[in-house]
Colleague: 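Below you will find the structure I want to go over with you.
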Number of protein chains: 2
Amino acid sequence: MARRRAGEALPAEAADTVTALTRGLDVLGCFRRGDGPLGNQEIAARTRLPRSTVSRLTATLTRAGWLLHVPETQRYRLGPAAIALGGAALGGLDIRGIARAPMQDLANRTRAVVALGMRDRLSMLYLEVVRSDAPISLNLEAGSRISLAFSAMGRAWLAAAPPAEREDALLRLRELDDGAWPRIAAGVARAREDAAVLGICCSFGEWQDGVNAIATSFRPGGGLPLMVLNVGAPAFVCSTESLLDEARPALLALARSLDGVLDRPG
Amino acid sequence: MARRRAGEALPAEAADTVTALTRGLDVLGCFRRGDGPLGNQEIAARTRLPRSTVSRLTATLTRAGWLLHVPETQRYRLGPAAIALGGAALGGLDIRGIARAPMQDLANRTRAVVALGMRDRLSMLYLEVVRSDAPISLNLEAGSRISLAFSAMGRAWLAAAPPAEREDALLRLRELDDGAWPRIAAGVARAREDAAVLGICCSFGEWQDGVNAIATSFRPGGGLPLMVLNVGAPAFVCSTESLLDEARPALLALARSLDGVLDRPG
DNA sequence: CCCCTTATTCCGTATTACGGAAATTAATAC
DNA sequence: GTATTAATTTCCGTAATACGGAATAAGGGG
């Protein structure tokens, strides 16, 4: 009885990987911000795992507190253990605390939203979001995701990431949606150029209509991966010119000041 | 070759539980707010799993983005997937959004910290924390834990939880620290009495010296478990009297208004 | 140079996870 | 009331997988 699915490309990556664990984590990964409780069927569809397997995995996850079972509707939602894990993960990121104050400064000066993020698989993940006192507020919080290909933040990552990681990410983006590839590729080429010339990457209405943003990356050190800072706002708050002329130097200064902070003594 | 550890009591609970997954999740659970990166050794000690097994699990978790490997120190920290999961879990909790505004009201009126929490294993977990404008701020955020046995919040849960769950939790608390049991038992007895008579449970300096709090529980509905609201502050901000006389009625009113909100049409 | 500590790789074993199919439960239609 | 559809869970034989003890490798002081 073959345990690995028939059509699956076997990428030889997995010398020593615990499949049962990977699958269980994939089940958890099904739950995205915004969609409600999920039934086993839906989970099976998303993970492309056999139903009986999903049943066993959800049972296990529920017993351990990672999922909550809603008896009436026979669906699952993420449980307390998931929340606690996120708390532990964010709590351990000292860079957030270090960056928050200067980010707030920048946000106030530009009247924009300033965010700190890192890559998570094929998205960028917000780690800290700071708004100016003017409450325009794009509805984004720490822990939410944003496009890797079309946001300024994602492009800044793509422009500065280690080549191997970048190529891997681009490859997967491509096989995920081949139709979007031309736009993605163009955006990435532009991003690398912008990064080289201006030090920042842009997304003017490309991630979402009417939203402008610029972003740049830095290496915090301390074993943490490449991180990205961005400044963004609706176009009527920040024109592309104001972002490029006023926000850009401040953003670059901030990023430079955070380069290697975690490796510095003190 | 026995795969289950020798001395382990086998609780027959596990008809259909995926051990590899449970163990992997236990590894993630090792990472607590506040402690830095963990090495395999440390993880093996905390989980009481063999070293080679831990090695395999951490490798798997790292490949999937749940852990980050810090090469220099050969340690692991929680990765982006963990953060994203927490975000998804909190984002799906509509009760937070519903409760926030009235909680803020209450916080402003009492000049205390108002928090919403639920149980996670042997702790209470903060889901939402709201401060009065007066920035005294106990350093607590959504996603952090607080004692089940000694906090007002924990006691309110113990007083109202389904008997089976309560007994299970108490049993485990007892075997975790037998020495503390007399204090715990006394606190719980008192809590049940307070809940019956006053509708709230108290912790006046028992969780942490100089910190007073009261708490009460409610059932939000929508398949969610019992939740707890508390009002707390340093003793010099809120005396026990002011909590009992002024905060208590407001807290009870808030809890009652949230009872079953998620089941109500609209 | 050697010892000590920690992480990883090896590898034979049999336990465990697997998944197709049957059974169960639930809801809706007829 | 019965039939039909749909979803979840249980069963169970199979063998692939995870297991863990021991050996190996990689550092880091003393």
Side-chain angles (χ1 to χ4, degrees), chain A residues 1-8 10-28 30 36-64 67-77 223, chain B residues 1-8 10-28 30-31 35-64 67-77 223:
Chain A
M1 190 193 299
R3 308 240 323 237
R4 224 168 263 287
R5 243 178 353 286
E8 189 171 23
L10 45 141
E13 51 176 40
D16 199 42
T17 299
V18 181
T19 14
L21 176 53
T22 314
R23 290 174 163 195
L25 297 171
D26 285 346
V27 169
L28 289 178
C30 280
L38 262 38
N40 273 339
Q41 182 95 326
E42 177 68 18
I43 297 174
R46 294 194 187 191
T47 56
R48 310 173 152 250
L49 251 32
R51 278 97 150 269
S52 53
T53 301
V54 170
S55 209
R56 235 174 309 124
L57 294 175
T58 49
T60 303
L61 290 167
T62 304
R63 261 192 284 271
L67 293 180
L68 285 175
H69 190 224
V70 184
E72 304 80 79
T73 88
Q74 295 222 109
R75 289 205 162 84
Y76 298 88
R77 55 169 67 221
Chain B
M1 190 193 299
R3 310 246 315 244
R4 225 166 262 286
R5 243 178 353 284
E8 191 170 22
L10 46 140
E13 53 176 39
D16 199 42
T17 299
V18 181
T19 15
L21 176 53
T22 314
R23 290 174 163 194
L25 297 171
D26 285 347
V27 169
L28 289 178
C30 281
F31 292 82
D35 45 33
L38 262 36
N40 273 338
Q41 182 95 326
E42 177 67 18
I43 296 174
R46 293 194 187 191
T47 56
R48 312 175 148 251
L49 252 31
R51 284 115 78 111
S52 53
T53 300
V54 170
S55 211
R56 234 173 311 123
L57 293 174
T58 49
T60 303
L61 290 167
T62 304
R63 260 192 284 270
L67 293 180
L68 287 175
H69 190 225
V70 185
E72 304 82 78
T73 88
Q74 295 219 107
R75 288 205 165 84
Y76 298 89
R77 54 170 66 223

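Each chain gets a letter, A, B and so on, in the order the sequences are listed, and its residues count up from 1.
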Colleague: Working to the nearest 0.5 Å, report the span between OG of B/Ser55 and CG of B/Leu49.
Modeller: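 That separation rounds to 11.5 Å.
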
Colleague: Rounded at 0.5 Å granularity, tell me how far CG in B/Asp26 sits from OG1 in B/Thr19.
Modeller: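 So the CG of B/Asp26 and the OG1 of B/Thr19 are separated by 11.0 Å.
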
Colleague: Using whole Å, what does the distance between atom P of nucleotide D/dT8 and atom CG of A/Leu67 come to?
Modeller: 14 Å

Colleague: With rounding to the nearest 0.5 Å, note down the distance linking CD in A/Glu42 to OG1 in A/Thr47.
Modeller: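 Taking CD in A/Glu42 and OG1 in A/Thr47, the distance rounds to 10.0 Å.
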
Colleague: Convert the base pairs of DNA chain C into dot-bracket notation, remembering that pairs crossing earlier ones are written with [ ] and that bases paired across to another strand are shown as |; include only Watson-Crick or G-U pairs under 3.5 Å.
Modeller: ||||||||||||||||||||||||||||||

Colleague: Within less than 4.0 Å of OP1 or OP2 of D/dT17, is there a side-chain N or O belonging to B/Arg56?
Modeller: no

Colleague: To the nearest Å, how far apart are A/Asp16 CG and D/dT17 P?
Modeller: 13 Å

Colleague: Verify the contact: side-chain N or O of A/Thr19 to OP1 or OP2 of D/dT17, cut-off strictly under 4.0 Å; return yes or no.
Modeller: no

Colleague: Quick one: does any side-chain atom of B/Thr60 pair with a main-chain N or O of A/Val18 as donor and acceptor, under 3.5 Å?
Modeller: yes

Colleague: Could you go through A/Arg23 and A/Thr53, starting from their C-alpha distance and side-chain angles, then the distance that decides it, and tell me whether this counts as side-chain hydrogen bond (donor to acceptor under 3.5 Å, both in side chains)?
Modeller: CA-CA 9 Å; A/Arg23 290 174 163 195; A/Thr53 301; 4.6 Å; no

Colleague: Can you tell me how far CZ of B/Arg63 sits from OG1 of B/Thr58, rounded to the nearest 0.5 angstrom?
Modeller: 9.5 Å

Colleague: Over how many whole Å does the gap from B/Leu49 atom CG to D/dC19 atom C1' extend?
Modeller: 10 Å

Colleague: Just N and O in the side chain of B/Arg48: are any of them under 4.0 Å from OP1 or OP2 of D/dG20?
Modeller: no

Colleague: Identify, between A/Glu72 and A/Leu57, the residue whose nearest nucleotide on DNA chain C lies closer to the 5' end.
Modeller: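 Between the two, 5'-proximity favours A/Leu57.
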
Colleague: Measuring from A/Leu21:CG to A/Leu57:CG, what's the distance to the nearest 0.5 Å?
Modeller: 10.0 Å

Colleague: Taking side chain as C-beta onward, heavy atoms only, is B/Leu67 less than 4.5 Å from B/Leu28?
Modeller: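 Side chain of B/Leu67 against side chain of B/Leu28, heavy atoms only: contact under 4.5 Å found.
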
Colleague: Between protein and nucleotides 4-8 of chain C, what N or O pairs are separated by less than 3.5 Å?
Modeller:
residue : atom : partner : partner atom : Å
C/dT6   : OP2  : B/Gln41 : NE2          : 2.7
C/dA7   : OP1  : B/Asn40 : N            : 2.8
C/dA7   : OP2  : B/Gln41 : N            : 2.6
C/dT8   : OP2  : B/Asn40 : ND2          : 2.4
C/dT8   : OP2  : B/Ser55 : OG           : 3.0

